[in-house]
Amino acid sequence: MTETTTPTSSNFIRTIIDEDNETGKYDRRVHTRFPPEPNGYLHIGHAKSINLNYGLARDYGGLFNLRFDDTNPEKEEQEYIDAIMEDVRWLGAEWDGRLYHASDYFEQLYQWAEQLINDGKAYVDDLSADEIREHRGTLTEPGRNSPWRERPVAENLDLFRRMRAGEFAEGSRVLRAKIDMASSFIVLRDPVMYRILHAPHPRTGNAWHIYPTYDWAHGQSDSIEGITHSICTLEFENNRRLYDWFQEALGIRRSQQIEFARLNLTYTVMSKRKLIRLVKEGHVNGWDDPRMWTIRGLRRRGYTPEGIRNFTDMIGVSKANSLVDMALLEHAVREDLNARTPRVMGVVEPLKVVIENYPKGQEEAFEVPYYKQDKSRTESRPIPFSREVYIERDDFMEEPAKGYNRLAPEVEVRLMNAYYIVCTGVVKDAAGRIVELRAVYDPASRGGQSPDNRKVKGTIHWVSAEHAIPAEVRLYEPLFAKANPEEGVDDFVENLNPDSLRVVDALVEPSLATAVPGDKFQFVREGYFCVDPDTEPGRLVFNRTVGLKDTWR
RNA sequence: UGAGGGAUAGUUUAACGGCAGAACAACGGACUCUGACUCCGUGAGUCGUGGUUCGAAUCCACGUCCCUCAGCCA
């Protein structure tokens, strides 16, 4: 019941794998990987990739690796490595001991580079970064060969070894593949394989003074690990030619790169740079702010791995650029939460109701099941009732609109699981604001059903004033006011939604006193809520994960 | 404007020469001690123009529009 699955529909990648299995291209092996660079936190877009790669391995009886693409020590940190592992694990992707780092292969990569030099397929270039750019040409004009392109093998070898030994200054030389300066694929115009960086690496320390570039490291790492289908995003389509060139030039085990469209979601931005700005400039309270679509943010907000998996299954995979409606994500998580959460009562914006004919000092309790949606579950708890209760401010209208079937003067409604009440009076303050309601109840309707079977228009939730416990409730709206945060402004932060967070003082039923961070509930008629880690003894804090669908209002 | 990719309901996708289907969203109804859930129903689509074919979203040609590439980032 907690596992809500949508059957994974076919997609172009599965079609490719099916064909490969038919032709025996990889001996019917399927081996995928998720290759994050440890320079930031994972977000919902990464979840798409993780679920895709892991799901493929799982469904085809294959293997899934987690591999850190740690080729740039200037940007990468151990802190991110730890956080990423935690998030991948939480999402449910199991790498079963196959945790690797591109840095594990630095020595092998170095040996292969020497092989390419010996084969006349790589050379040390003394040009500066600016000069290399000038020689590269443009989209419409071919590049020019570097004057160092025809260096003898022995000299290349000597220079490359000394680069490794740390003899040269950063930027003074690079190792380049010797391909074709006139190629229409700019990535093939003698791409850089190694740059000199006198920076300590989180894993290899000071062992290296040269570091491989992405293009040089990635395909070879795939080959070493026996990856069959190396899935990445669309912007690497041109790089595939280089990916193939390196594996062919080396004569090593082949793997194939397949590109898919990255996730774009309404009301969000996905670029690392922009995510970092949101955090660094304090527009949100950290990477795990529940308004963020980072894995940590979603987790804190109350999203579940199953809900996220639902979502990634629903959106599918293709090569067309797209913008997914946030409503899909919300639907996916509601579906999961609906199945798994206990139903409790919490009043988000309380309005007191005094039941005048209920004896002062009297109290009673109603035993109410937690899981009305799941007949296999029988847990329940007592909910206390007394003369004064709080109901939702929204559940009363002094002059009810047409079609409104909640409480109003002279109108009878059911207090869920308790009694029928009729509103008999409205108390206002000097400013005319309603501060309290008077009502009478029907003792014969105990439990929420009247012997005469008369119907009431509505059923509303409540808490006993005397027994309810206060809770801070954080209500969220999208972080941006526009579905496309870039729309109509120079800088996306101008589209930040000033009302993305609203904090209210709520009252919840006493059974919630023992709730601990991470616990999830449906506050009946209000939405799904999750206990926030800010909770301390005596101070309950809830996040509203997502509201219920509402066909009224 | 060199090269590489892409275009199917409002959104995301399926269909691989043979009935254009689903989910989300919208709308209507049934049910209901959650205006939820569930169920039923409605509207809504092949970028354009030609061609091949008994038959085209699918194959071909020519267009249009969108995305990517000129980091010693990934």
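A, B, ... follow the sequence lines: proteins, then strands. Residue 1 opens every chain.
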Nearest-neighbour nucleotide for the A/R133 side chain, B/rA74, B/rG71, B/rA14 considered: B/rG71
B/rA7 and B/rC60, which share atom name P, separated by this distance in whole Å: 14 Å
Sugar-phosphate, base or nothing in reach of A/A129, heavy atoms under 4.0 Å: base
Nearest-nucleotide pick for A/A327, side chain only, options being B/rG4, B/rA7, B/rC24: B/rC24
Footprint string (nucleotides 34-43 of chain B, 5' to 3'): B base within contact, S backbone only, - free, heavy atoms under 4.0 Å: BBSS------
Sugar-phosphate only, base, or nothing, as touched by A/V317 at under 4.0 Å among non-hydrogen atoms: sugar-phosphate
Nucleotide nearest A/T138 when distance is taken to its side chain, options B/rG2, B/rA74, B/rA70: B/rA70
Axial cation check for A/Y420 ring with A/R414, 6.0 Å and 45° limits: no
Complement of B/rU11, any strand, by Watson-Crick or G-U distances under 3.5 angstrom: B/rA23
Whole-Å distance separating the CG atom of A/N321 from the C1' atom of B/rU8: 16 Å
Close side-chain approach of A/W462 to A/E392, heavy-atom, < 4.5 Å: no
B/rC69 pairs with, by Watson-Crick or G-U criteria that keep both distances under 3.5 Å: B/rG2
Residue A/E235, side-chain atoms from C-beta onward, closest of B/rU68, B/rC72, B/rA7: B/rU68
For A/H135, ring-ring contact (aromatic ring centres under 6.0 Å, His included) partners two or more places apart: none
Same-atom distance (C1') from B/rA15 to B/rC59, integer angstrom: 16 Å
Residue pair A/D104, A/R203: steps toward the salt bridge (charged side-chain N to carboxylate O under 4.0 Å, His left out) verdict: CA-CA 9 Å; A/D104 296 341; A/R203 290 182 59 83; 3.8 Å; yes
Sugar-phosphate only, base, or nothing, as touched by A/Y194 at under 4.0 Å among non-hydrogen atoms: nothing
A/F529 ring center near A/F521 ring center (under 6.0 Å): no
Phosphate contact (B/rU13 OP1 or OP2) by A/S318 side-chain N/O below 4.0 Å: yes
Partner nucleotide, any strand, of B/rC62 [Watson-Crick/G-U, under 3.5 Å]: B/rG48
Integer-rounded Å distance: B/rC73 P and A/M193 CE: 15 Å
Short side-chain N/O contact from A/T71 to OP1 or OP2 of B/rA74, under 4.0 Å: yes
Whole angstrom value for the distance that separates P of B/rA3 from CG of A/L139: 11 Å
Touch class at under 4.0 angstrom, heavy-atom based, for A/S128 against every strand present: base
Interatomic distance at C1', B/rA30 relative to B/rC37, whole Å: 14 Å
C1' gap between B/rG21 and B/rG45, integer Å: 11 Å
Heavy atoms from other residues, nucleotides or ligands near CD of A/E248 exceed 12 (cutoff 6.0 Å): yes
Mutual orientation of the aromatic rings belonging to A/H201 and A/Y211 [parallel < 30°, tilted 30-60°, perpendicular > 60°]: parallel
Interatomic distance, A/L329 CG vs B/rU11 P [rounded to whole Å]: 18 Å
A/E237, nearest nucleotide to its side chain (from B/rA74, B/rG5, B/rA7): B/rG5
Rounded distance in Å - CG (A/N417) to C1' (B/rU32): 14 Å
Side-chain N or O of A/S322 closer than 4.0 Å to phosphate OP1/OP2 of B/rU13: yes
Pairwise C1' distance, B/rG17 and B/rC54 [rounded to whole Å]: 12 Å
Presence of A/R136 side-chain N/O under 4.0 Å of B/rC72 phosphate oxygens OP1/OP2: yes
Whole angstrom value for the distance that separates C1' of B/rC73 from CG of A/N238: 16 Å
Syn or anti conformation of B/rG43, syn meaning chi within 90° of 0: anti
Within 6.0 angstrom of A/R262 CZ, more than 12 heavy atoms from elsewhere: no
Paired nucleotide for B/rA56 [Watson-Crick or G-U wobble; both distances under 3.5 Å]: none
Interatomic distance at C1', B/rU58 relative to B/rC47, whole Å: 15 Å
Nucleotide opposite B/rG17 in a Watson-Crick or G-U pair, distances under 3.5 Å: none
P spacing across the pair B/rG6 / B/rA44, given as an integer number of angstrom: 31 Å
Interatomic distance where CD1 belongs to A/I13 and P belongs to B/rA14 [whole Å]: 10 Å
Touch class at under 4.0 angstrom, heavy-atom based, for A/I210 against every strand present: nothing
Pair assignment for B/rA30, Watson-Crick or G-U wobble, requiring both distances under 3.5 Å: B/rU38
A/Y419/A/F385 aromatic ring centres below 6.0 Å: yes
Inter-nucleotide C1' distance (B/rU11, B/rG48), Å rounded: 23 Å
Atom-to-atom span, CZ of A/R262 to C1' of B/rG5 - whole angstrom: 15 Å
Cation over ring face, A/R544 and A/Y476, 6.0 Å, 45°: no
